[in-house]
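Let me begin by presenting the structure, written as structure tokens, before commenting on it.
Only a predicted model underlies this, so the values are computations on that prediction, with no experimental measurement involved. Proteins come first, then strands; the chains are lettered A, B, ... in the order of their sequence lines, and each starts at number 1.
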2 protein chains.
Amino acid sequence: MITSFTEENYLKSIYHLSPDEGTAVNTNAIAESLNTKAASVTDMLKKLADKEFINYIKYQGVTLTPLGRERALNIIRKHRLWEVFLVEKLNFKWDEVHDLAEELEHIHSDLLINRLDEFLEFPKTDPHGDPIPDKHGKFNVPELIPISKLKNETSGIISGVREHSPLFLKYLEKTGLVLGQEIKIKEQIEFDGSFIISIKENDIMISREVAKNLLIAI
Amino acid sequence: MITSFTEENYLKSIYHLSPDEGTAVNTNAIAESLNTKAASVTDMLKKLADKEFINYIKYQGVTLTPLGRERALNIIRKHRLWEVFLVEKLNFKWDEVHDLAEELEHIHSDLLINRLDEFLEFPKTDPHGDPIPDKHGKFNVPELIPISKLKNETSGIISGVREHSPLFLKYLEKTGLVLGQEIKIKEQIEFDGSFIISIKENDIMISREVAKNLLIAI
DNA sequence: TTATATTTTTAGATTAATCTAAAAATAATT
DNA sequence: AATTATTTTTAGATTAATCTAAAAATATAA
């Protein structure tokens with residue numbers, strides 16, 4: 001079954017909006033995430049339901065069928081592998097690759113993407129630390145915890161982000177808060193919830209907002 | 001000015017159908033090359049003329065404007081660089097890359113393609129020997145001659161093909177008639193116009209059809 | 001040069017994806 | 001439970017790209 005770019009973007013959006021497999025996703029949430037209108041979403045949901053990519057009951061939101069989930073993961077796999085390619089081979093920065101990968105993810109060829117996977121030596125995560133599904137759609141969800149939830153004196157490795165905006169990523173880069181960097185939580189300031197952490201022998205302060213979006217492996 | 005995939009395919013088609021810059025391309029020729037109908041072509045020609053990519057006079061065919069030519073060459077550059085990537089880095093065969101490159105050529109990023117060019121070390125030709133325009137649209141047209149036009153006892157290097165169908169390319173591959181291979185014309189058979197050529201100390205026969213489509217640098 | 005054939009364009013429909021505005025269903029609140 | 005607010009769907013249009021069938025223009029041939 002052929003899928004259009006648009007359909008693929010809807011499937012991806014529904015996948016990303018599902019906290020877990022069972023719970024339904026709202027029309028409005030999809031509309032917002034795709035910068036479109038609820039009426040347009042309703043139309044597309046009917047179409048995706050016809051094609052058996054989603055379970056759709058009027059007024060009740062949607063869940064992905066196994067087929068839809070497979071398709072969504074395939075697109076996410078492509079997106080993340082292209083991101084690795086752009087960063088590792090073409091020297092793009094981690095804050096520059098998202099929009100390009102949004103285009104490249106729609107290239108329709110499993111053979112191509114499997115060859116790319118091999119060329120990149122089967123990376124497990126993309127440049128933002130997000131896991132890359134293998135060709136069967138399997139991946140491990142690494143146990144990452146935001147800095148905001150860690151206790152003082154905890155050490156760990158920066159291993160992911162919860163926010164992917166170029167502005168945030170550029171800030172992290174500039175501050176040295178890059179993937180693989182070891183850090184240690186020193187203190188939380190009660191007044192505004194900001195944190196003092198040590199990185200490479202220095203103490204720096206990060207806002208609560210940053211702490212919530214920086215993920216650590218312990 | 002943003003161009004849709006469809007508009008880009010029309011521009012590319014018009015470029016490929018222009019034997020030289022001045023002569024106009026027919027509506028029907030475009031329709032045939034894009035597997036569409038003349039009426040659809042007329043509609044699109046009006047649109048491309050509005051956008052100043054082509055010079056269009058009703059019933060007189062079209063030529064590319066400098067802007068249209070630039071755009072066409074940019075797409076061709078992308079197509080050919082992606083082909084090099086697929087063959088050199090992802091181990092695709094020269095007969096497998098065309099359809100994939102047809103998709104990849106529409107990725108909209110000059111930065112990406114210039115980085116890819118650099119990564120591939122600025123190749124001058126694609127896997128079929130066709131020249132790759134540089135970022136300014138400049139390229140040398142190599143002087144290649146079909147075997148069918150060569151005299152007996154001429155030696156040369158296989159450097160291009162005039163026909164890109166997978167069937168033809170697979171045949172060449174199997175027969176050892178690959179880019180870079182030196183050959184020598186031994187004899188033309190009057191009866192059917194086929195040729196006997198020597199390749200790696202062996203004499204082989206190729207049909208007139210093959211001889212017309214295999215290009216040699218002397 | 002008139003008649004015939006071919007090519008190209010117009011007119012009017014169709015399909016995918018979108019929109020606005022209004023109606024219907026569901027959820028929240030008094 | 002009745003009213004209000006929110007969410008979702010329907011109805012009807014719009015845009016890009018396509019199509020078929022018919023008309024118009026150009027090219028070819030008698």
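Spacing between atom OH of B/Y59 and atom P of D/dA23 amounts to 13 Å, rounded to whole angstrom units. C/dT15 atom C1' lies 13 Å from atom CG of A/D43, rounded to whole Å. Atom CG in B/L45 sits roughly 14 Å away from atom C1' in C/dT10 (whole-Å rounding). At whole-Å resolution of the value, CD1 in A/I30 and P in C/dT18 are 12 Å apart. In this structure, B/N28 places its CG atom 9 Å from P of C/dT9, rounding to the nearest Å. Spacing between atom CE of A/M44 and atom P of C/dC19 amounts to 11 Å, rounded to whole angstrom units. The distance between atom CZ of A/F5 and atom P of C/dT18, rounded to the nearest whole Å, is 13 Å. Rounded to an integer number of Å, the gap from CG of B/N9 to C1' of D/dA16 is 15 Å.
Heavy-atom nearest nucleotides on DNA chain C were determined for A/N35 and for B/V25, and the one closer to the 5' end corresponds to B/V25. Where B/A29 and A/E7 each meet DNA chain C at their nearest nucleotide, the meeting point lying more 5' is that of B/A29.
In this model, the phosphate group of D/dT10 is approached by a side-chain N or O of A/K58 to a distance below 4.0 Å at OP1 or OP2. A close approach under 4.0 Å does not occur between any side-chain nitrogen or oxygen of B/N26 and OP1 or OP2 of C/dT7. Phosphate proximity of D/dT18 to B/S40: absent, as no side-chain N or O sits under 4.0 Å from OP1 or OP2. For C/dT18, the OP1/OP2 oxygens have no side-chain nitrogen or oxygen of A/K37 closer than 4.0 Å. The phosphate of C/dA16 has neither OP1 nor OP2 within less than 4.0 Å of any side-chain N or O from A/T6. Look at B/T27 and you'll find a side-chain N or O under 4.0 angstrom from OP1 or OP2 of C/dT9. Between B/T36 and D/dC19 there is a side-chain polar atom (N or O) within less than 4.0 angstrom of OP1 or OP2. An OP1 or OP2 oxygen of C/dA16 is reached within less than 4.0 angstrom by no side-chain nitrogen or oxygen of A/Y10.
Side chains of A/V210 and A/N213 form no contact here, defined as non-hydrogen atoms less than 4.5 Å apart.
Under a cutoff of 6.0 Å and an axis angle of 45°, A/K89 and A/F119 form a cation-pi pair.
Atom CG of B/D50 has more than 12 neighbouring heavy atoms from other residues, nucleotides or ligands inside a 6.0 Å radius.
The distance between the ring centers of A/H164 and A/H98 does not fall below 6.0 angstrom.
A perpendicular orientation is assigned to the rings of A/F5 and B/F5, their planes being inclined by more than 60° (bins at 30° and 60°).
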